[in-house]
Undergrad: 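First, the structure itself, so that you have it in front of you.
In listed order, ligands and their atoms are each counted from 1.
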Amino acid sequence: MAFRVRQLKVGGYDHNFSYLILADNGDAALVDPTGDCEVIRRAVAEAGEINPRYILLTHGHQDHCECLGEVRSYFSAQVASHPMHPLSGKITVGNGSRLPFGDGAIIAISTPGHTRDSICYLLSDNSALFTGDTLFIGCVGFCRSKEMYDSLMNRLLPLPDSVVIYSGHDYGTVPFRTLGEEKQENPYLNCPTLEAFRQQLRKLE
Ligand SMILES: [Fe+2]
């Protein structure tokens, strides 16, 4: 089993990333199609013979789905999102939902905090995690502190260190890195208490 990830610099509202995920059997998924729709169109065309399976939305903010309408004209796939997502699609996912993909699955992880409808998507071989605006390289998204702290501590930190973090914006010193590296470098992941996390969050303002 192998998955490949194409990280697409789509610009958009603020250095956004979209993603194209490909499986060995041709299954394909897009994450947060937004920004320069032409970049996404090219990536899909370059992928050749593929089987569009899903368009995965990480949360309801407009800057993460600007290309959704256009993409669906050539990437005919089911839209997956949290039930509270304003564009709630045909597939609604909650914590632990498994979407069959390639020889494995894409697993939804509910991570409220940035928004109540925030979902991270994990590839079942633990190779990649798509975090939207929950976790950035070196930072986190604006959030309700208690919910975000619980999501980070209980849902993301237990994942294997080797998982590559692919976030929704290019805010870091590098475009992606592993969760193990994030644990070392990201101060928001190194708060022993909620109060310490709240102190750290003041630096976001
Ligand atoms: Fe957002």
Undergrad: Considering non-hydrogen atoms only, spot the tightest contact between I119 and A108 and give its length.
TA: CG2-CB, 3.9 Å

Undergrad: Under 4.0 Å between a Lys/Arg side-chain N and an Asp/Glu carboxylate O for E147 and R116?
TA: no

Undergrad: Short of 2.8 Å from the Fe ion (ligand 1), name each protein N/O/S atom, waters not counted.
TA: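 Listed by chain and number, the nearby protein N, O or S atoms are H59 NE2, H61 ND1, H114 NE2, D133 OD2.
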
Undergrad: Would you say that R4 contacts I21 through its side chain, given a criterion of any heavy-atom pair below 4.5 Å between the two side chains?
TA: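 When only atoms from C-beta onward are counted, I21 and R4 do not touch, as no gap falls below 4.5 Å.
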
Undergrad: Tell me yes or no: between the side chains of T178 and S162, is some donor less than 3.5 Å from an acceptor?
TA: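 Per modelled atom types, T178 and S162 side chains form no pair under 3.5 Å.
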
Undergrad: Using 30° and 60° as the class limits, which term best fits the ring planes of F197 and Y188: parallel, tilted or perpendicular?
TA: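 Perpendicular, since the angle between the ring planes exceeds 60°.
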
Undergrad: Would H64 and H169 count as a ring-ring contact (aromatic ring centres under 6.0 Å, His included) here? Give the steps.
TA: CA-CA 10 Å; H64 290 257; H169 294 271; 5.0 Å; yes

